K.L.:
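Dumping the structure here so I can ask a few things about it.
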Amino acid sequence: MSFVEYGDTIKDGDTAIVFLGHESMFPVKVQQGGVTQTKYGVIRHSTDLIGKKYGSKVTCSKGGWVFILHPTPELWTVNLPHRTQILYSTDISVITMMLELKPGSIVCESGTGSGSLSHALIRTVAPTGHLYTVEFHQQRAEKAKEEFREHGVEHLVTVTNQDVCKNGFGVSDIADAVFLDIPSPWEAIGHAKSALKAEGGRICSFSPCIEQVQRTCLAMEEYGFTEINTLEILLRVYNVRTISLQIPDLGKAAEDNSSTGFDSSNPSNQGSPGTNLQQGTVQFKSGVPLKEMVGHTGYLTFATKSLF
């Protein structure tokens, strides 16, 4: 099993996603002889999982059933154990696009955190690219190494435990892109410039506060970065539903309609699409935003290393 290569069957040692519904799923480490408890009953790894195909419908001991899914960076983002605040797919997709990443790209990242963005970056640059990720906290760095090894992507990532603001990324002149998610990104801009290739590259800084953005932009200008711009990604979902409204009483205009030959008692007219004249209402589709939406997560500041 690997997060960058699809496997057909579930094997001992795999990380799989137990899917109970769109709002209910969790990861499980498949082990010979292991069991997993769900609200639908027990899943026995040896008989219910190992050797079965990913995507299989598994019946639990109480008669309920779940699906077993192959892990992807998107599924891992919504199921991973949180060691820090993480980035979600809405921001990750824009970061990947704006940094112009592709298979074979070299990326530097700080900090690693819970590894949500790291898995997406690894999948994007595979199979010939590489991710150099720096984490200040030693235990988080060690846990990230363990997860990358379990997920079959350790050959695509190098994890370093150090302070990027003082010691940089440990590489020079090789990166196509740099990503910063640290409290004081302006202190690491110089190291980011050193890590980027001489022929240029892209940088992104994620910060929750606008004051951090202001200081980061000033540092980018000081180090000669160009095309500096800041984005905020807000996902607003609309609920498309059928709405019924009463037909208004238009007075004389309504009488004029009767003179045009429209007969509400005529069955052929009553069957007109989108109308219900017997009830005095008209139905139509309307898009209404949800009352609650995901709000501010952070500001994404992008820039390009100047060739001069």
Side-chain angles (χ1 to χ4, degrees), residues 1-5 7 11-18 25-32 34 36 45 70-89 91-92 95-96 101 105-127 129-172 174-175 177-185 187-188 191-192 194-195 204-208 298:
M1 184 277 303
S2 171
F3 272 56
V4 297
E5 296 177 0
K11 299 180 177 62
D12 185 17
D14 281 3
T15 297
I17 304 298
V18 179
M25 62 184 94
F26 59 89
V28 61
K29 179 70 175 295
V30 179
Q31 295 177 319
Q32 190 74 39
T36 297
H45 297 192
H70 192 284
T72 64
E74 290 77 17
L75 288 175
W76 185 245
T77 289
V78 296
N79 289 286
L80 58 78
H82 285 230
R83 300 183 288 274
T84 60
Q85 185 59 263
I86 69 169
L87 289 174
Y88 289 92
S89 296
D91 287 319
I92 291 174
I95 292 168
T96 303
L101 301 181
S105 295
I106 306 296
V107 186
C108 291
E109 173 198 28
S110 183
T112 312
S114 301
S116 173
L117 176 64
S118 303
H119 283 80
L121 295 177
I122 291 170
R123 194 262 308 274
T124 302
V125 304
H130 200 84
L131 171 66
Y132 293 90
T133 183
V134 177
E135 173 57 51
F136 175 78
H137 193 277
Q138 182 178 357
Q139 290 181 331
R140 288 201 292 262
E142 292 174 352
K143 184 61 178 178
K145 287 182 181 180
E146 179 184 340
E147 286 181 349
F148 293 143
R149 183 170 58 254
E150 291 178 352
H151 298 165
V153 296
E154 71 276 10
H155 61 293
L156 296 169
V157 57
T158 299
V159 182
T160 305
N161 173 219
Q162 63 187 30
D163 185 350
V164 70
C165 296
K166 295 181 179 179
N167 307 114
F169 293 94
V171 296
S172 299
I174 67 169
V178 172
F179 176 80
L180 298 173
D181 183 6
I182 55 178
S184 53
E187 296 181 2
H191 295 297
S194 299
C204 174
S205 174
F206 177 90
S207 297

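No hydrogens, no waters, no symmetry mates; every other heavy atom, side chains included, goes into these values. Please read all numbers here as calculations on a predicted model, not as lab measurements.
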K.L.:
What heavy-atom pair brings Tyr88 and Thr77 nearest, and what distance separates the two atoms?
P.N.:
CD2-CG2, 3.7 Å
K.L.:
Residues in salt bridge (charged side-chain N to carboxylate O under 4.0 Å, His left out) with Glu142, at least two apart?
P.N.:
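Here no residue qualifies.
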K.L.:
First locate atom CG of Asp91, then atom OG1 of Thr96, and finally report the distance between them rounded to the nearest 0.5 Å.
P.N.:
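Rounded to the nearest 0.5 Å, the CG-OG1 separation comes to 10.5 Å.
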K.L.:
For Pro185 and Ser207, work out which heavy atoms get closest and say how close.
P.N.:
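Minimum heavy-atom separation between Pro185 and Ser207: CG-OG, 3.7 Å.
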K.L.:
To check you understand the geometry: which heavy-atom pair defines the closest contact between Ala177 and Leu101, and what is its length?
P.N.:
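Looks like CB-CD2, 3.7 Å.
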K.L.:
For the pair Glu154 (side chain) and Lys145 (backbone), establish whether a donor and an acceptor sit closer than 3.5 Å, ignoring hydrogens and angles.
P.N.:
no
K.L.:
I'd like to check Val157 versus Ser118 (side-chain heavy atoms, cut-off strictly below 4.5 Å). Are they in contact?
P.N.:
no
K.L.:
Would you say the side-chain atoms of Ser116 pair up with the backbone N or O of Leu87, donor to acceptor, closer than 3.5 Å?
P.N.:
yes
K.L.:
Less than 4.5 Å apart, side chain to side chain, heavy atoms only: is that true for Leu117 and Asp181?
P.N.:
no
K.L.:
Tell me every residue that passes side-chain contact (heavy atoms from CB on, under 4.5 Å) with Ala188, counting only those two or more places apart in sequence or in another chain.
P.N.:
Val164, Cys165, Leu180, Ile182
K.L.:
What residues form a side chain to side chain donor-acceptor pair (under 3.5 Å) with Glu135, not counting sequence neighbours?
P.N.:
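Residues passing side chain to side chain donor-acceptor pair (under 3.5 Å) with Glu135: Arg140.
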K.L.:
Determine whether Val4 and Ile122 make a side-chain contact, defined as any pair of heavy atoms from C-beta on separated by less than 4.5 Å.
P.N.:
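Yes, side chains in contact.
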K.L.:
Nearest 0.5 Å, please: how far is CZ in Phe3 from CD in Glu74?
P.N.:
10.5 Å
K.L.:
Quick one: pull up OG1 in Thr124 and CD1 in Ile95 and give me the separation to the nearest 0.5 Å.
P.N.:
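Answer for the OG1-CD1 pair, Thr124 versus Ile95, is 11.0 Å.
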K.L.:
Looking at His191 and Phe169, would you say the former's side chain and the latter's main chain have a donor-acceptor pair under 3.5 Å?
P.N.:
no
K.L.:
By side chain to side chain donor-acceptor pair (under 3.5 Å), which residues pair with Gln139, not counting sequence neighbours?
P.N.:
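None.
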K.L.:
Given side chains that start at C-beta, do those of Tyr132 and Ile106 come closer than 4.5 Å, heavy atoms only?
P.N.:
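A side-chain contact exists here, since the closest heavy-atom pair is under 4.5 Å.
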K.L.:
Cut-off 3.5 Å, side chains only: do Thr112 and Thr133 have a donor facing an acceptor?
P.N.:
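Short answer, yes.
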K.L.:
Report the residues that fulfil salt bridge (charged side-chain N to carboxylate O under 4.0 Å, His left out) with Arg149, sequence neighbours left out, ordered by chain and then residue number.
P.N.:
none
K.L.:
On the 0 to 90° scale, with breaks at 30° and 60°, tag the His119-Trp76 ring pair as parallel, tilted or perpendicular.
P.N.:
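It falls in the tilted class, 30° to 60°.
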K.L.:
side-chain contact (heavy atoms from CB on, under 4.5 Å) with Pro127: which residues, sequence neighbours excluded?
P.N.:
Pro103
K.L.:
Taking all atoms of both residues into account, what is the closest heavy-atom pair of Asn161 and Ala141, and its distance?
P.N.:
CB-CB, 3.9 Å
K.L.:
With no hydrogens and no angle check, just 3.5 Å: does a side-chain donor-acceptor pair link Ser172 and Ser194?
P.N.:
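Note: Ser172 and Ser194 side chains miss the donor-acceptor criterion.
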K.L.:
First locate atom CG of Leu131, then atom CZ of Phe179, and finally report the distance between them rounded to the nearest 0.5 Å.
P.N.:
11.0 Å
K.L.:
Can you name the closest pair of heavy atoms from Glu147 and Ser114 and give their distance?
P.N.:
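Of all heavy-atom pairs spanning Glu147 and Ser114, the closest is OE1-O, 4.0 Å.
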K.L.:
Verify whether one side chain among Glu150 and Thr15 offers a donor that lies under 3.5 Å from an acceptor in the other.
P.N.:
no
K.L.:
State, yes or no, whether a side-chain contact exists between Lys11 and Met1 at a heavy-atom distance under 4.5 Å.
P.N.:
no
K.L.:
Under the criterion side chain to side chain donor-acceptor pair (under 3.5 Å), which of Lys29, Gln31, His45 is the partner of Thr36?
P.N.:
His45
K.L.:
Measure across Val30 and Asp12 and return the closest heavy-atom pair with its distance rounded to 0.1 Å.
P.N.:
O-OD1, 3.3 Å
K.L.:
Should His137 and Thr84 count as side-chain neighbours, where that means a heavy-atom distance under 4.5 Å?
P.N.:
no
K.L.:
State the NE2-CD distance between His151 and Glu146, to the nearest 0.5 angstrom.
P.N.:
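Those atoms lie 9.0 Å apart.
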K.L.:
When rounded to the nearest 0.5 angstrom, what is the spacing between NE2 in His130 and OG1 in Thr158?
P.N.:
2.5 Å
